[in-house]
Amino acid sequence: LSRFHNPEFTMLEFYAAYLDYEGVMRLTEEMLSTVAREALGTTTVERGGQVIDFAPPYARYTMYEALREIGGVDVEAADDAALAERVRALGVADVGTMARGKLIDELFGALVEPKLIQPTFITDYPREMSPLAKPKRGNPALTERFELMVGGKELCNAYSELNDPIDQRERFEAQDRNRAGGDEETQPLDEDFLRAMEYGMPPTGGFGMGIDRLVMMMADQPSIRDVILFPTMRQE
């Protein structure tokens, strides 16, 4: 629970066959700029005294570029111990149980995300951070994934969906090992999903966005509780 998190929320998700993450990024730019114009008559909104423009094109950084150029951390040159020390210096507890992907995520959340005010795509996440995303063409250590950051917060998460059942099983098993090590945000192994994928899945772009966060940003509301469609019932 926080101003930006609520156990019950409204989510837009879709799969698009024969679309990769580049195509989903283009669709995202078109969708959000259209929503802003239709709802507000303009692509610019004011949030917390800052003007945010949803007109495309949006800025793009790879995850490693953003950490290096905005956060001041060269993740590719650092081993796990060095990353853990940087995270520990941020005052994060239980660093010793974190896998490399979780360490990178902590650094990004503290050093980069709050600085991304204008709509910005963060792309090409490390494989260990993205158990459902397809490997990046030309560099299988990365994945074809993006998140859209607006107003210092994540708004969208999307991938070129992994459709190789053997690779997907290996990723799920790695997530199980991370969970055993203490990471509670891992993906559970899903035999039904793997069985369906074994029958066949086309190349697919997948997308998820929290509608409540979008409304917060476009209506300049400080708390998700002020915009959620079905607020928790409470006594008068």
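None of these values were measured; they are calculated from a predicted model.
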Side-chain contact test, heavy atoms from C-beta onward, threshold under 4.5 Å: evaluate it for Thr42 versus Arg37 and give yes or no. no
Heavy-atom closest contact (Phe193 atom, Asp190 atom, distance): N-OD1, 3.0 Å
Looking at Asp20 and Arg137, does any basic side-chain N land under 4.0 Å from a carboxylate oxygen? yes
Tabulate below the donor-acceptor pairs under 3.5 Å that side-chain atoms of residues 205-213 make, not counting sequence neighbours, or state none.
from	atom 1	to	atom 2	distance (Å)
Asp212	OD2	Thr10	N	2.6
Arg213	NE	Phe4	O	3.2
Arg213	NH1	Glu154	O	2.7
Arg213	NH2	Phe4	O	3.2
Arg213	NH2	His5	NE2	3.1

When you compare the side chain of Thr44 with that of Ile52, does any pair of heavy atoms fall below 4.5 Å? no
Any idea which heavy atoms bring Ala17 and Pro202 closest together, and the distance? CB-CG, 4.2 Å
May I ask you to establish whether Arg145 and Tyr125 are in a cation-pi arrangement, using a distance under 6.0 Å from NZ or CZ to the six-membered ring centre and at most 45° from the ring axis? yes
Please list, chain by chain and in numerical order, all residues satisfying side-chain hydrogen bond (donor to acceptor under 3.5 Å, both in side chains) with Glu22, sequence neighbours excluded. Arg60
Close side-chain approach of Val73 to Arg86, heavy-atom, < 4.5 Å: yes
Rounded to the nearest 0.5 angstrom, the CZ-CD distance for Arg177 and Glu173 is 6.5 Å
Side chains of Ser160 and Glu144: any donor to acceptor distance under 3.5 Å? yes
Can you tell which of Asp105, Asp80, Asn178 makes a side chain to side chain donor-acceptor pair (under 3.5 Å) with Arg100? Asp80
Go through the side-chain N and O atoms of Asp124 and Tyr21 and say whether any donor and acceptor fall under 3.5 Å apart. yes
Do the side chains of Leu116 and Met217 join up, straight or via other hydrophobic residues, at under 4.5 Å, putting them in one cluster? no
Roughly how far apart are Thr123 OG1 and Tyr61 OH, rounded to 0.5 Å? 11.5 Å
Do Phe108 and Phe121 belong to the same hydrophobic cluster, where Ile, Leu, Val, Met, Phe, Trp and Tyr are linked whenever their side-chain heavy atoms lie under 4.5 Å apart, directly or via other members? no
Do Val24 and Phe146 come close enough that some side-chain heavy atom pair is under 4.5 Å? yes
Rounded to the nearest 0.5 Å, the CE atom of Met98 sits from the CD1 atom of Ile104 at a distance of 12.5 Å
If I take atom CD1 from residue Ile70 and atom CD from residue Glu65, how far apart are they, to the nearest 0.5 angstrom? 9.5 Å
Between Arg169 and Glu191, is the closest basic N to carboxylate O distance under 4.0 Å? yes
Kindly compute the distance separating CG (Leu132) from CG (Asn163), expressed to the nearest 0.5 Å. 12.0 Å
In plain terms, say whether Asp167 and Arg127 are close enough for a salt bridge, that is, a side-chain N and a carboxylate O under 4.0 Å apart. yes
Would Leu107 and Met149 show up in the same hydrophobic cluster when neighbours are defined by side-chain heavy atoms closer than 4.5 Å? yes
Shared hydrophobic cluster for Val150 and Ile224 (ILVMFWY, side-chain gaps under 4.5 Å): yes
Same cluster or not: are Leu12 and Met216 linked, directly or through other Ile, Leu, Val, Met, Phe, Trp or Tyr residues, by side-chain heavy atoms under 4.5 angstrom apart? yes
Sidechain-backbone polar pair: Gln221 side chain, Asp226 backbone, donor-acceptor under 3.5 Å: no
Looking only at heavy atoms, which two atoms of Thr28 and Cys156 are closest? And how far apart? CG2-SG, 4.2 Å
Using a strict 4.0 Å threshold on nitrogen-to-oxygen distance, state whether Arg26 and Glu30 make a salt bridge. no
Between Thr120 and Leu148, does the side-chain contact (heavy atoms from CB on, under 4.5 Å) criterion hold? Intermediate values first, please. CA-CA 6 Å; Thr120 303; Leu148 178 64; 5.5 Å; no
Flag the pair Glu85 and Arg88 as a salt bridge only when some basic side-chain nitrogen lies within less than 4.0 angstrom of an acidic carboxylate oxygen. yes
